[in-house]
2 protein chains.
Amino acid sequence: MKVTHQSNLCHSCHLATSCFNISFESPHFSHLSQIIQKSIIVKKNEAVYYQQEKFRGLFTVKQGGVKTYLVSETGQQVVTGFYLPGEILGFDAVYSEHYIANAVSLTSSEICWISFADLLKLASENQTIQRELFKLFSYRLQSNHQKFHLNSEQKVAAFLLDYASRILKQTTSENDFYLLPTQQDIASYLNLTPETVSRTLHRFIDQEIFQSSQAKRIENLNCQKLREILER
Amino acid sequence: MKVTHQSNLCHSCHLATSCFNISFESPHFSHLSQIIQKSIIVKKNEAVYYQQEKFRGLFTVKQGGVKTYLVSETGQQVVTGFYLPGEILGFDAVYSEHYIANAVSLTSSEICWISFADLLKLASENQTIQRELFKLFSYRLQSNHQKFHLNSEQKVAAFLLDYASRILKQTTSENDFYLLPTQQDIASYLNLTPETVSRTLHRFIDQEIFQSSQAKRIENLNCQKLREILER
DNA sequence: CGATCTGTTGAACATAATCAAACTGCGTGG
DNA sequence: CCACGCAGTTTGATTATGTTCAACAGATCG
């Protein structure tokens with residue numbers, strides 16, 4: 001992990017308004033950007049933090065991508081989430097003050113460190129930031145129940161739609177992008193086997209829902225068709 | 001919904017320290033109890049709040065129990081959670097400022113209302129309460145991924161263990177209690193069919209994991225055996 | 001350039017869903 | 001107070017979806 005110091009990390013970041021949903025022009029922005037003063041380069045398969053490690057703050061993805069996964073007592077791994085540029089990870093560690101999952105980089109990534117103590121201090125001094133922070137926590141409480149009661153085809157469709165909408169922050173199109181996680185990661189995340197994910201993706205190609213000229217590449221994704229699959 | 005006013009709702013509540021995990025003796029307790037000044041009686045099947053209704057604060061269960069459920073565009077209902085005495089609901093509405101799910105009483109319940117605006121104000125003035133509140137949000141982020149990758153027997157076992165540990169706050173034993181939700185509710189919550197839940201519970205009785213002298217009654221629950229099922 | 005990780009494909013199998021029918025118990029109204 | 005109706009539960013037979021197992025192909029990386 002290589003540490004980089006920059007006086008104005010957020011001001012030079014094209015995702016500046018994304019992490020906390022506070023605009024560049026807002027008077028609150030400069031307060032927030034002051035507590036984000038350090039970024040680290042995390043290479044592929046290197047950890048941002050480890051399960052059970054003591055909480056030492058939140059992290060936000062500036063470039064690249066991160067997956068979180070749990071390891072049970074029996075040694076089984078379950079992928080619990082993917083984090084793309086502009087997204088914050090570590091919220092779930094606030095309760096126990098230890099990280100709940102392992103966080104590992106899916107590619108070489110640039111990760112910004114956020115002191116939670118500083119953030120709390122800032123929040124107690126600034127009502128807008130406090131409210132925005134509670135909203136960020138609240139936002140994470142929403143999802144999850146959807147992907148639970150879907151069949152395998154719908155799970156993969158929902159995953160692609162979600163991923164496409166999130167990757168949109170950094171690229172210009174939600175129809176052409178690279179998948180950072182492997183099919184195994186996706187399978188674990190959706191509670192499916194890699195075989196089922198592979199077969200489902202190939203069925204989508206057969207149905208012309210997307211093309212793929214190379215591994216992990218999604219081209220010309222037809223989001224409307226995916227939404228129709230979800231409505232069945 | 002019948003509204004009751006009490007000057008010291010929390011001081012007379014045996015769950016006082018449960019909702020916010022702040023002890024009765026703490027100097028912060030009196031601050032918190034000041035913003036909880038009103039409780040309502042919600043009869044069985046009556047709503048505490050409705051999906052999409054504008055956010056008007058958090059609620060905590062003083063007596064009884066509540067279920068939350070989503071209704072999809074296609075009219076399908078999915079139970080997303082159960083709330084027992086001492087537990088707070090409504091956190092997920094903070095983000096969009098609208099309730100995400102319907103919250104309906106499982107039996108005649110007494111529900112305390114918590115002004116979120118007052119709570120935010122209190123949090124910005126009081127570091128301990130602010131931190132405790134963030135912890136409450138964070139706590140809710142943990143679960144969910146477990147029940148996803150279990151088989152039907154393990155899901156029901158995990159549900160019983162969780163329910164037993166939570167009911168323990170109000171009774172003396174985690175081995176004898178009444179289930180507030182119906183088997184249909186439990187099935188929906190676990191993403192199983194009512195048939196599967198019924199068969200699994202009867203298999204547990206056959207295996208002497210618990211007894212049941214009447215409907216919805218769990219007696220002499222063997223938590224150790226349930227944990228063994230989860231470790232398979 | 002071999003070794004290892006990732007993805008593909010097919011066949012057999014298992015788990016839980018589905019469908020159907022009957023039963024129980026609870027609350028309601030006659 | 002009993003009869004009725006209905007929601008919730010039980011039980012069995014059949015079926016479908018996704019898993020498992022196995023073998024191989026392709027990609028990636030030191």
Side-chain angles (χ1 to χ4, degrees), chain A residues 43-46 65 67 69 76-79 82 104-108 147-160 178-206 210-218 229 232, chain B residues 43-46 67 69 76-79 82 104-108 147-160 178-206 210 212-218 229 232:
Chain A
K43 282 190 290 216
K44 185 169 178 174
N45 295 324
E46 280 186 355
K67 73 170 174 186
Y69 65 96
Q76 292 171 73
Q77 300 194 357
V78 192
V79 173
F82 302 110
V104 162
S105 191
L106 292 166
T107 179
S108 188
K147 80 174 190 210
F148 201 52
H149 69 283
L150 302 174
N151 65 32
S152 63
E153 193 174 46
Q154 292 174 320
K155 281 182 184 177
V156 177
F159 169 78
L160 285 176
Y178 286 93
L179 284 173
L180 288 177
T182 64
Q183 290 187 21
Q184 293 185 19
D185 288 334
I186 297 167
S188 173
Y189 176 69
L190 298 175
N191 193 30
L192 296 172
T193 57
E195 291 93 327
T196 300
V197 171
S198 173
R199 284 186 246 260
T200 306
L201 288 174
H202 278 268
R203 211 176 324 129
F204 284 172
I205 293 175
D206 292 347
F210 67 88
Q211 284 84 253
S212 182
S213 61
Q214 50 178 304
K216 291 191 162 197
R217 177 79 185 155
I218 306 284
I229 288 172
R232 281 173 200 163
Chain B
K43 282 192 289 218
K44 186 170 177 173
N45 295 325
E46 280 187 355
K67 73 170 173 185
Y69 66 97
Q76 294 172 72
Q77 301 195 356
V78 193
V79 173
F82 302 111
V104 162
S105 190
L106 292 166
T107 178
S108 189
K147 80 174 192 211
F148 201 52
H149 69 283
L150 302 175
N151 66 32
S152 62
E153 193 174 45
Q154 293 174 318
K155 282 182 183 176
V156 177
F159 169 78
L160 284 176
Y178 286 93
L179 284 174
L180 288 177
T182 64
Q183 291 187 22
Q184 293 187 15
D185 288 334
I186 296 167
S188 173
Y189 176 69
L190 297 175
N191 194 30
L192 297 172
T193 57
E195 292 94 326
T196 300
V197 171
S198 174
R199 283 187 247 260
T200 306
L201 288 175
H202 279 267
R203 211 176 324 129
F204 285 172
I205 293 175
D206 291 347
F210 67 89
S212 183
S213 61
Q214 51 178 304
K216 291 190 164 197
R217 177 83 185 151
I218 306 284
I229 287 173
R232 279 173 201 162

- Would you check if I205(A) and F210(A) make a side-chain contact, meaning some heavy-atom pair closer than 4.5 Å? yes
- T182(B) vs K216(B) side-chain heavy atoms within contact, under 4.5 Å: yes
- Task: Using a 4.0 Å heavy-atom cut-off across all strands, classify N191(A) as base, sugar-phosphate, or nothing.
- Result: sugar-phosphate
- Task: Ignoring hydrogens and angles, tell me if any N or O in the side chain of T200(B) forms a donor-acceptor pair with the backbone of T196(B) under 3.5 Å.
- Result: yes
- Query: Between dT15(C) atom P and K155(B) atom NZ, what is the distance in whole Å?
  - Reply: 14 Å
- dT15(C) C1' sits how many Å from I229(B) CD1, rounded? 16 Å
- Item | Residue pair F148(B) / N191(B), side-chain heavy-atom distance below 4.5 Å | no
- Task: Write down the distance between NZ (K44(A)) and C1' (dT4(C)), rounded to a whole number of angstrom.
- Result: 13 Å
- Partners of K67(B) by salt bridge (Lys or Arg N to Asp or Glu O under 4.0 Å), sequence neighbours excluded? D185(B)
- Query: Looking for any heavy atom pair under 4.0 Å, which part of the strands does S152(A) touch: base, sugar-phosphate only, or nothing?
  - Reply: sugar-phosphate
- Item | Note, L179(A) side chain near I186(A) side chain (heavy atom, < 4.5 Å) | yes
- Should L201(A) and L160(A) count as side-chain neighbours, where that means a heavy-atom distance under 4.5 Å? yes
- Note, F159(B) side chain near V197(B) side chain (heavy atom, < 4.5 Å): no
- Outermost nucleotides of DNA chain D that come under 4.0 Å of a non-hydrogen atom of chain B: dG8(D) to dA13(D)
- Task: Assign a letter to each nucleotide of nucleotides 5-11 of chain C from its 5' end: B, base within under 4.0 Å of a protein heavy atom; S, sugar-phosphate only; -, no contact.
- Result: -SSSBBB
